[in-house]
Amino acid sequence: MPLHITDKFDSGNIIVKAATDPSDIRLDIRRDHGSDFYQWFHFRVTGARDQDMVIRIENAGGAAYQEGWPGYKACASYDRETWFRVDTEFEDGVLTIRHAPELDTVWYAYFAPYSMEQHQDLIASAQQCDGVRLEVLGETLDGQAIDCLHVGVSASNKRDIWVTARQHPGETMAEWWMEGFIERLLDEADPASRTLREKAALHIVPNMNPDGSRRGHLRTNAKGTNLNREWDKASLEASPEVFHFLAAVKETGVDLHLDVHGDEALPYNFIAGGEGAPNFDPKGQEMLDGYKTALARISPDFQTKFGYDVDKPGTADLSICTNYMANQFGCLAMTLEMPFKDNADLPDDMFGWSPERCRKLGAANVDAMLAMVDRLR
Ligand SMILES: [Zn+2]
């Protein structure tokens, strides 16, 4: 049976250089359109059942985050539902995957993919629930909808909580997180969710970058813009996703904004705050510390020891979402980072950091929000 490799599907990304001999497959990762970023890969291989495949991604050494490769295991699946991990080696700039597939076709990806078709299913399911409205905030450059789920209605006696994910489209763990968060939030039998919904209106954008997601990008939108460097200069031309989002936020106001991401290098879940924003104050610190402490208490998958260095006061880059939101609105603004690799505190050899664990962390954030909702500014 001849070998066949393709990325011609939603969120696919690979360039095939050699694919005749299963023991000598040579590939490159395609750059995000209009940019130099690349690291997300997603492709399928057919015709190597029971053979010892050696797949070399030859341009891995030029990818955006070199620290992402050491200790990394690739994701693989036979049914596109269960994504197990496969060992890799990173040497001389080449990422090598060795695997003997048990079936004819196997899919490989940087992390368990979350396609735009799955996104449609997510919002279709959510809009069935009482009290949920689905609004299109605007269109992307490729003409896709920027979907926002409103859970409850803003009111003077309620807080406004905004939650976003996948500004960086290759960080698919962020939308798996959204599945768990939304499912829990909309569970009428869940007392924490019901109470949170009494105290706050929630506005949720499960995918901030539909174009990058469908195109199989790591980090940018259709024209190569990194959305998380656009917040102080969002425009319809370069970053309509952020532009439309900010217009919607200005209508309701915002007391808490959580922006969900994935980190290539660090094998931990952590939160980065807006400490370096000029307007960040002791109340901002108290809210940030409160949220992190609450979430760590609720979920052992979350920790506060490892994370990014904290910006010195007044030095934050305001083009980044969390810094901009903290500065502009004085709200509790946070970036939640999950690993591509695994949580080193609770490692899982077979699955690593997985969709199911993302969902559970998403669900746990309902409790953290409830713990903090009366303490927001
Ligand atoms: Zn990110």
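Each ligand, and each atom within it, is numbered from 1 in the order the structure gives. Predicted, not measured: the structure shown is a model, and the values here were computed from it. The basis for the numbers below is simple: all heavy atoms, side chains too, and nothing from hydrogens, waters or symmetry mates.
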Any side-chain donor paired with an acceptor under 3.5 Å for Asp79 and Ser77?
->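 Asp79 vs Ser77: donor-acceptor pair found between side chains.
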Between the side chains of Asp211 and His33, does any donor sit under 3.5 Å from an acceptor?
->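 Judged by distance alone, the side chains do not pair up.
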So among Glu337, His261, Met338, which one has a side-chain contact (heavy atoms from CB on, under 4.5 Å) with Met173?
->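 By the side-chain contact (heavy atoms from CB on, under 4.5 Å) criterion, Met173 pairs with just one of Glu337, His261, Met338: Met338.
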Counting no waters, what protein N/O/S atoms lie under 2.8 Å from the Zn ion (ligand 1)?
->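 Result, waters dropped: His168 ND1, Glu171 OE1, Glu171 OE2, His261 ND1.
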What residues form a ring-ring contact (aromatic ring centres under 6.0 Å, His included) with [X], not counting sequence neighbours?
{"X": "Tyr308", "answer": "Phe270"}
{"X": "Tyr38", "answer": "none"}
{"X": "His203", "answer": "His150, Trp162"}

